[in-house]
Amino acid sequence: MTTFEIEPGRLFIGGQWREAADGARTEVVDPSRGAVVTTVADAGAADVDAAVRAARDAFDDGAWSGLSGRERGRVLHRVAALIRENADTIAELESRDVGKPITLAHAVDVTNAANDYEHFAALAHALDGSVRDTPMNALAYVRRRPLGVVAAITPYNFPLILAGSKIAPALAAGNTVVHKPAEETPLSALYMAELFKRAGVPDGVVNVVTGGPAAGEALLRNSGVDKVAFTGSTTVGRKVAGIAGESLKPVTMELGGNAAHLVFEDADLEKAVGAIIKGFVFNTGQFCMGGPRLLVARQVYSTLLGILADAVPGVPLGDPRKPETVVGPMAGERHLRKVEEYVDLARKEGGRVVCGGERLDLDGGYYYRPTVIADLPNDSRVIQEEIFGPVLTVQPFDSEDEAIELANSTPYGLASGVQTGNLARAHRVADRLAAGIVWVNDWAMLDPAVPFGGVKDSGFGREYGPEALDAYTTTKSVVVSLD
């Protein structure tokens, strides 16, 4: 039983709560029960236009963009403090909305979101620009300026974190924001709108419109939007980039992933197993930087496969509100069906299900047992495509070159991992892996100071780190003649 009531959600536009213009609403389902927990407003084009106009007015009046970076940073520090003060409520919202284990929501989602706002609060005052020396008899200086209205479109798997990774740098740079969260998981976005207001973010600087693909497309096509920040599937990302390209809007895109996790013969297998399991069951496998492809040196292949066969079934799976739960439900029924279809395909393609491979019937929720599959050819769709669920494929390799070739053989390039006791090998292999971030002897080590993003079909642009601010600013050069 939830410890608080989840109120029906409304749109947050210009600092005010309102219903959709046509009164439309959509249901939010708790994936651990398969039951409706509330409804939220389903924004139409008129609502999106109102949100963009509110963001434009707020940008133009300078109440936020006209502040110094230091002043904006103070407000963002208050946002971070409010996230920490309301950690229990936010964690429960994420658990109820997404199906996240409550312990994970506390330790990862809430903590990282607060860290995001603190990090970019600290960077906000470093946007003052610079003076450049030139051979001309002139004084040249370069100013970094905000872009204007940012459309932040986020997916269902990490609603709080992925919103923060866009909104925090956008606000630090002086932009205003219209946030469109995934229609399945809008609750933390609505709650954060209230925290922004309490922190002192001026009205209209952050607006939240809930709804489905039509609302997202209306936001993308709105002429008042200056920049698009998108996280989602590669398929949808191509459409987003195409629409943004029609009006030459700059975009940042963090798209699908299908990361390879390489285990060499000199790896510490006991340590590696923990990282491997974390890599594919974290957030029930609904993690674009998860590690669903395990590549193992043939010398230790059988040994490691046996260890996984024993260890994976023991990972606590069940009710996300229980503190001991590590793996919760899939975020929705359609995501569960997709995982089932891929595992069925693996069987047809000759794959051997080492463990898992079936639903767990529990309280009407969308649960799937963590699954390990061996003996698939590398051209299998199960290996080449993004499953986005708790499924691990395992392949052997005979040389370092073969391992890298296999790792780089999919269209994706978001993350990768290396398990080895050889430091020289770790650096050598990491350099050759086609991925935006590579972890050595662990998985999912993420911090706001470290940029991440994709190559190939995993997108372009970087989030986190000072590099993220480049995506939310433009430069203006002023050259003054001294003659």
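Taking the six-membered ring for Trp and the full ring otherwise, the centers of Phe12 and Trp17 sit less than 6.0 Å from each other. Remark: aromatic rings of Phe287 and Phe158 are close, center separation under 6.0 Å.
No side-chain donor-acceptor contact under 3.5 Å links Thr410 and Gln384. A donor-acceptor pair shorter than 3.5 Å can be found between the side chains of Asn283 and Lys100. Of the N and O atoms on the side chains of Glu385 and Asn258, not one donor lies less than 3.5 Å from an acceptor on the other residue.
For Ala91, the side chain to side chain contact (heavy atoms under 4.5 Å, CB included) partners at least two apart in sequence or on another chain are Ile102, Ala105, His106, Val110. Residues forming a salt bridge (Lys or Arg N to Asp or Glu O under 4.0 Å) with Arg198 (at least two apart in sequence, or on another chain): none. Residues that satisfy the side-chain hydrogen bond (donor to acceptor under 3.5 Å, both in side chains) test with Lys322, not counting sequence neighbours, are absent from this structure. Asp47 is linked by a salt bridge (Lys or Arg N to Asp or Glu O under 4.0 Å) to nothing, counting only residues two or more places apart in sequence or in another chain. Among residues two or more places apart in sequence or in another chain, the side chain to side chain contact (heavy atoms under 4.5 Å, CB included) test is passed with Ala51 by Ile13, Val178, Asn207, Val209. When the side-chain hydrogen bond (donor to acceptor under 3.5 Å, both in side chains) test is applied to His335, the partners found at least two apart in sequence or on another chain are Tyr156, Glu184. With sequence neighbours left out, Thr154 forms a side-chain hydrogen bond (donor to acceptor under 3.5 Å, both in side chains) with His179. Listed by chain and residue number, nothing satisfies the salt bridge (Lys or Arg N to Asp or Glu O under 4.0 Å) test with Glu85 (two or more places apart in sequence, or in another chain). The side chain to side chain contact (heavy atoms under 4.5 Å, CB included) search around Ala430 returns Val438, not counting sequence neighbours. Listed by chain and number, the residues in a side-chain hydrogen bond (donor to acceptor under 3.5 Å, both in side chains) with Thr371 amount to none (sequence neighbours excluded). Residues satisfying the salt bridge (Lys or Arg N to Asp or Glu O under 4.0 Å) criterion with Arg145, sequence neighbours excluded, are absent altogether.
Pairing each heavy atom of Arg381 with each of Tyr342, the nearest pair is O-CE2, 4.1 Å. Nearest heavy atoms, Asn175 versus Trp64: O-CD1, 3.4 Å.
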Report the C-alpha separation of Asp57 and Arg53 in whole Å, then their side-chain angles, then the decisive distance to 0.1 Å, and conclude whether the salt bridge (charged side-chain N to carboxylate O under 4.0 Å, His left out) test is met. CA-CA 6 Å; Asp57 290 345; Arg53 281 189 282 108; over 6 Å; no
Between Asp319 and Arg33, does the salt bridge (charged side-chain N to carboxylate O under 4.0 Å, His left out) criterion hold? Intermediate values first, please. CA-CA 9 Å; Asp319 186 342; Arg33 300 287 186 273; 3.3 Å; yes
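Applying the side chain to side chain donor-acceptor pair (under 3.5 Å) test to every pair with at least one member in residues 431-442, sequence neighbours left out, gives these pairs: Lys278-Asp442, Asp401-Arg432.
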